[in-house]
Visitor: 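Sharing a structure, written as structure tokens. Questions coming.
A, B, ... follow the sequence lines: proteins, then strands. Residue 1 opens every chain. In this text, all values refer to a predicted model and were calculated from it rather than measured experimentally.
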There are 2 protein chains.
Amino acid sequence: MKVLTKNTDYAIRALLALAARKGSYLSAKCISTEHDIPYQFLRRLLQEMIRHGLIVSKEGVKGGFMMEMDPDTISVTQLIEIFQGKVQVSECMFRKQICGNRSRCVLRHEIMRIEQVVQSEFEKVTIGKLLRDLAEANQVIPKTAKIEQAVLNP
Amino acid sequence: MKVLTKNTDYAIRALLALAARKGSYLSAKCISTEHDIPYQFLRRLLQEMIRHGLIVSKEGVKGGFMMEMDPDTISVTQLIEIFQGKVQVSECMFRKQICGNRSRCVLRHEIMRIEQVVQSEFEKVTIGKLLRDLAEANQVIPKTAKIEQAVLNP
DNA sequence: ATAACTGATACTATATTGGTATCAATTAAA
DNA sequence: TTTAATTGATACCAATATAGTATCAGTTAT
Ligand code: FES
Ligand code: FES
């Protein structure tokens, strides 16, 4: 059971790229090559995100995509809903024969509670949070260390 | 995003049927017609559950399937794992370019934490619990009332 | 004018999900 | 001992979802 599909995965990564360079236009080609996302696939995802108002675009040379909004307002839940449809455990597990009264059904409540839990967990994970986490994780990688060394010993 | 597929949904219902009449053999045909589950589909699910030791079977006339174990030891998590594979949010969301060090990666921890939450929520939901919930929900339906009346006024 | 871009959309391939069909083996009972 | 009800095993089919490609028209900085 795979919770995040490629759609969502790629979308998150693209948004991270845009959030990292917020305010400037990044072309699909650039994002595609930098983050190893199939070009045409990515373009479709970006357009979908434009339709949902998560990013904006500019056509023509030096055009591309840009994030205008606060990355902390974009949650993984939103992206799951866009690319995989709203989280639903099971429409109604026990129809006719088994479950007598829908309205009072304890199971239905149980199911809806779990849906809530799953959703709210992903709600907490925003592009902003991921970006900060990544920055923190990358603080210790050799690459950064080398850059620091280069600066210190030119 | 559909969390439970038909496989799991049907399997749960079949197990509820077996748990409700624990100790006696129920044929696939019987379960199929009573709970509106496609016959051949159901048979495959039942066999899969036998392979995983959740139920036992008896061949021939008056044969069928039976639940021997405690219904409270069968969780929805187990069924999801059998029919949809282990819950995994994303193998590793940010390979190469973005994420420097796998071992310390904060994101990885985040992802694994969510996996844990989802799994443990479904862990709490056992066949036994569902059965009790159903019984409670059905306490007020007309059908039961009619049976009681029939018994009182034969 | 041209090359680097996005917008829109159609297309293909593969995997997963949902469902059906078939035949052999077993067993209770007529 | 034949028969009918049943499971075991497995192959098959259809529909849908996922992943990825291709194409062409329109926009814009240079
Ligand atoms: S499970 Fe659907 S009404 Fe009870
Ligand atoms: S997300 Fe995979 S190592 Fe960080």
Visitor: Of all the nucleotides listed (C:dG18, D:dG20, D:dT7), which has the minimum atom distance to the side chain of A:F41?
Guide: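 My answer, after comparing the listed nucleotides, is D:dG20.
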Visitor: Nearest-Å distance, CG (B:L4) to P (C:dT16)?
Guide: 18 Å
Visitor: So which protein nitrogen or oxygen atoms get under 3.5 Å of nucleotides 13-18 of chain D's nitrogens or oxygens?
Guide:
none

Visitor: Any idea which heavy atoms bring A:T73 and A:Q78 closest together, and the distance?
Guide: O-NE2, 2.8 Å
Visitor: Looking at CG of B:L79 and CD of B:E81, how far apart are the two atoms once the value is rounded to the nearest 0.5 Å?
Guide: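 That separation rounds to 9.5 Å.
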Visitor: Are any of the side-chain heavy atoms of A:H35 and A:L16 separated by less than 4.5 Å?
Guide: no
Visitor: Measure CG/B:L42 against C1'/C:dA21 and give the value in whole Å, please.
Guide: 16 Å
Visitor: Tell me what B:I50 touches on the nucleic acid: a base, only sugar-phosphate, or nothing, going by heavy atoms under 4.0 Å.
Guide: sugar-phosphate
Visitor: Measure from the side-chain N and O atoms of A:Q84 to the backbone N and O of A:T5, and report whether any donor-acceptor pair falls under 3.5 Å.
Guide: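 Answer holds: yes.
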Visitor: What integer distance in Å separates B:D36:CG from C:dG19:P?
Guide: 11 Å
Visitor: Taking all heavy atoms of B:A14 and all of B:L42, pick out the closest pair and write down the distance.
Guide: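 For B:A14 versus B:L42, the nearest heavy atoms are CB-CD1, 3.8 Å.
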Visitor: Under 4.5 Å side-chain heavy-atom separation, chaining through any Ile, Leu, Val, Met, Phe, Trp or Tyr, what else clusters with B:M66? Say none if it is isolated.
Guide: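 Besides B:M66, the cluster holds B:Y25, B:V56.
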Visitor: Work out which heavy atom in B:L18 is nearest to a heavy atom in B:F65; give both atom names and the distance.
Guide: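 Distance-wise, the nearest heavy atoms are CD2-O, 3.3 Å.
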Visitor: Enter the inter-axis angle for the ends of the helix from C:dA1-D:dT30 to C:dA30-D:dT1 (five pairs per end, rounded to 10°).
Guide: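 The two end axes of the helix from C:dA1-D:dT30 to C:dA30-D:dT1 meet at 10°.
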Visitor: Any donor and acceptor pair, going by atom type alone, linking the side chain of B:S120 with main-chain N or O of B:E123 inside 3.5 Å?
Guide: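 Side chain of B:S120 to backbone of B:E123: no pair is present.
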Visitor: Applying side chain to side chain donor-acceptor pair (under 3.5 Å), name anything that partners A:Q119, two or more places apart in sequence or on another chain.
Guide: none
Visitor: Report yes if at least one side-chain N or O of A:Y10 is closer than 4.0 Å to OP1 or OP2 of D:dA19; otherwise report no.
Guide: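 For A:Y10, the contact criterion (side-chain N or O under 4.0 Å from OP1 or OP2 of D:dA19) is not met.
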Visitor: Please write out each protein N/O paired with an N/O of nucleotides 10-12 of chain C under 3.5 Å, distance rounded to 0.1 Å.
Guide:
none

Visitor: In whole angstroms, how far is the P atom of D:dG8 from the CD atom of B:E48?
Guide: 12 Å
Visitor: Treating Ile, Leu, Val, Met, Phe, Trp and Tyr as nodes and any side-chain heavy-atom pair under 4.5 angstrom as an edge, say whether B:Y10 and B:I50 lie in one connected cluster.
Guide: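 Yes: a chain of side-chain contacts under 4.5 Å links B:Y10 to B:I50.
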Visitor: Strictly below 4.0 Å, heavy-atom distances to any atom of DNA chain C: list the hits from residues 22-31 of chain A, or just say none.
Guide: A:S27, A:A28
Visitor: Grab the CD1-C1' distance between B:I80 and C:dT17 for me, whole Å please.
Guide: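 To the nearest whole Å, that distance equals 16 Å.
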Visitor: May I have all residue pairs that pass salt bridge (Lys or Arg N to Asp or Glu O under 4.0 Å) and include part of residues 18-30 of chain A, sequence neighbours excluded?
Guide: A:R21-A:E34
Visitor: Please identify each residue that fulfils salt bridge (Lys or Arg N to Asp or Glu O under 4.0 Å) with A:E121, with sequence neighbours left out.
Guide: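 With sequence neighbours excluded, A:E121 shows a salt bridge (Lys or Arg N to Asp or Glu O under 4.0 Å) to A:K124, B:R113, given in chain and number order.
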Visitor: May I have the distance from B:L46 (atom CG) to D:dA9 (atom C1'), rounded to whole angstrom?
Guide: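 So the two atoms are 14 Å apart, to the nearest Å.
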Visitor: How would you list, by chain and number, every residue that makes a side chain to side chain donor-acceptor pair (under 3.5 Å) with B:S27, sequence neighbours excluded?
Guide: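 Partners of B:S27 under the side chain to side chain donor-acceptor pair (under 3.5 Å) test: none.
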Visitor: At under 4.0 Å between heavy atoms, what does B:Y39 touch on the DNA or RNA strands: base, sugar-phosphate, or nothing?
Guide: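 If one applies the 4.0 Å heavy-atom cut-off, B:Y39 turns out to touch a base.
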Visitor: Please collect all salt bridge (Lys or Arg N to Asp or Glu O under 4.0 Å) contacts where either partner lies in residues 57-72 of chain B, sequence neighbours excluded, each pair once.
Guide: B:D72-B:R132
Visitor: Can you find a heavy atom in the side chain of A:L130 that is under 4.5 Å from one in the side chain of A:L15?
Guide: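 The answer is no, as the side chains (C-beta and beyond) never meet within the 4.5 Å cut-off.
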Visitor: Among all residues two or more places apart in sequence or in another chain, which pass the side chain to side chain donor-acceptor pair (under 3.5 Å) test with A:S32?
Guide: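 A:S32 satisfies side chain to side chain donor-acceptor pair (under 3.5 Å) with no residue once adjacent residues are dropped.
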Visitor: Measure CG/B:L45 against P/D:dA9 and give the value in whole Å, please.
Guide: 15 Å
Visitor: For nucleotides 22-30 of chain C, just jot down a letter per nucleotide in 5' to 3' order: B, S or -, based on protein non-hydrogen atoms under 4.0 Å.
Guide: B--BBBBS-
